[in-house]
2 protein chains.
Amino acid sequence: MNRARTSLRQRHQPLRTSGHERQASLISAATSLFAANGFTGTTTKQIAKAAGVSEALLFKHFPTKHALYTAILAEKAQYSELRDAVEEATKKRDDERLFTLLASYRIRKGADPTMLRLLLFSALEGHELSDMFFQQQYRVFHDLLAGYIRRRIEDGAFRPIDPVLAAKAFFGVVLHHRLLHDIFELPMHLSHEASVVEYVSLFLGGLVRQSPDS
Amino acid sequence: MNRARTSLRQRHQPLRTSGHERQASLISAATSLFAANGFTGTTTKQIAKAAGVSEALLFKHFPTKHALYTAILAEKAQYSELRDAVEEATKKRDDERLFTLLASYRIRKGADPTMLRLLLFSALEGHELSDMFFQQQYRVFHDLLAGYIRRRIEDGAFRPIDPVLAAKAFFGVVLHHRLLHDIFELPMHLSHEASVVEYVSLFLGGLVRQSPDS
DNA sequence: ATGGTGAGTAAGTAGTTACTCACCAAAAAT
DNA sequence: ATTTTTGGTGAGTAACTACTTACTCACCAT
């Protein structure tokens, strides 16, 4: 009987996936499930099914459900993209471009809410790696922007306001936009691009009409 | 019969709590647990224990765990406070006061993060009442502020910017502040009051130095 | 062929979950 | 004084949870 089963198995791609690939597919399946339902809201059974393997194999790769969660956060925490463009705008003192760059990196058509949901869940559920995740997803750009604002104040180009608070405020606007439209799924009344333009203009110029223009 | 009941209630408190009080204590216990651990992260056993009753009694008052959650959201959704003060500032066209009022209602010492956590959890976990909860906790002030900004633009006092987007931006700043310090528990480098002052100033005046002052 | 090793699973386990039922006793109503 | 209503519980239960055990099979190098 074993022989019969084996003989039916012709060459095609191997039925056995490599450990590395399997691990990756488990992480991928778990990522979207954790992002959708949170840690406690996701069962190991669901993850295994989504990855197309048995639950037992999941535990061969990750000793506990928690370890799998940790592995996700640790993996997703690192990315370096965008920094070059930002640093260029920084050197050129191109305020509008820098702010637009930072905002539209997060506010854009294709941006999927998975990471944001993961970040919020990890913070709310109090995961140990929540801090680290936050640092690397967010803090980098925050510090960069605060530093830039500080320099521009020294230049005399910006009003003398607290740079850290100003950076926080700007990211607040951006994050809030994503919160409303990606998480709460509220309808937008302006396109992403138009929103970014308005936000940047508002942030740089303020609300109050300063000098009556022609 | 009402008279008889009231007059008999003299010596030491009754051994049996009234249905209403018990319901309230269950809701109170559940609120903090749901806020801390989310819906799936909280068990009916925990809630019953926290309220000091048996699990069976919980199900006498609320047919399902879900119904209890719904009851919480429905109860906490309504409050009207603050509106009077806001409307007064609105009439007086006192920009700074209005913005400060709105911001410091949420950014203040005693503000407990329970409602914010509940709101975020309900949105992330996709609860049916999430929308309603959001509307009443948040939308009211949003619309109010957007309306005010629109009027001030008509007055010629504010720059002609999209009022809805501007209101969204301001609440973004405020919510973000709470997110960082109440949920992520990052240390603050300024007091709540000082932060509000800076935020309002930034929002009204913008970042760029418009007219070189003396 | 043979044996070592990693990929894979069916069928568990002990504990937990939301929820129920039979029953009791304190008040109220009669 | 007795019935009715209401607040309250101990002891369940079926389904589900994270995690294990004992085992089979595919692949490859001798």
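With sequence neighbours excluded, the residues forming a salt bridge (charged side-chain N to carboxylate O under 4.0 Å, His left out) with R178(B) are D182(B), listed by chain and number. The salt bridge (charged side-chain N to carboxylate O under 4.0 Å, His left out) check on R152(A) picks up D95(A), D155(A), with sequence neighbours excluded.
Remark: P of dA10(C) and CG of L58(A) are 15 Å apart, rounded to the nearest angstrom. Between the P atom of dG6(C) and the NE2 atom of H20(A) lies a distance of 16 Å, rounded to the nearest Å. The NE2 atom of H61(A) sits 16 Å away from the P atom of dC19(D) (whole-angstrom rounding). One can place CG of L57(A) at 19 Å from P of dT5(C), the figure rounded to the nearest angstrom. For the pair L26(A) CG and dC19(D) P, the interatomic distance rounds to 14 Å; values are reported in whole Å. Per the geometry, CD belonging to Q23(A) stands 14 Å off P belonging to dG6(C), to the nearest Å. Taking atom CZ of F62(B) as the reference point, atom P of dT20(C) lies 15 Å away to the nearest angstrom.
Comparing atom distances between the A56(B) side chain and each of dG8(C), dT20(C), dA10(C) picks out dT20(C) as nearest.
The backbone N or O of V86(B) sits less than 3.5 Å from a side-chain atom of T90(B), completing a donor-acceptor pair.
R22(B) has a side-chain polar atom (N or O) that falls below the 4.0 Å cut-off from OP1 or OP2 of dG8(D).
One distance of note links NZ of K168(A) with NE2 of H181(B); it measures 2.5 Å at 0.5 Å rounding.
For the side chain to side chain contact (heavy atoms under 4.5 Å, CB included) with F34(A), the lone residue among R117(A), E125(A), K65(A) that qualifies is K65(A).
Considering only heavy atoms from C-beta on, S122(B) stays 4.5 Å or farther from L129(B) through its side chain.
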With 3.5 Å as the limit, what N/O pairs link the protein to nucleotides 16-18 of chain D?
| unit_1 | atom_1 | unit_2 | atom_2 | d |
| --- | --- | --- | --- | --- |
| dA18(D) | OP1 | T42(A) | O | 3.4 |
| dA18(D) | OP1 | K65(A) | NZ | 2.9 |
| dA18(D) | OP2 | T44(A) | N | 3.0 |
| dA18(D) | OP2 | T44(A) | OG1 | 3.0 |

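The nearest heavy atom of DNA chain C to K60(B) and to H66(B) marks one nucleotide each, and the one closer to the 5' end goes with H66(B).
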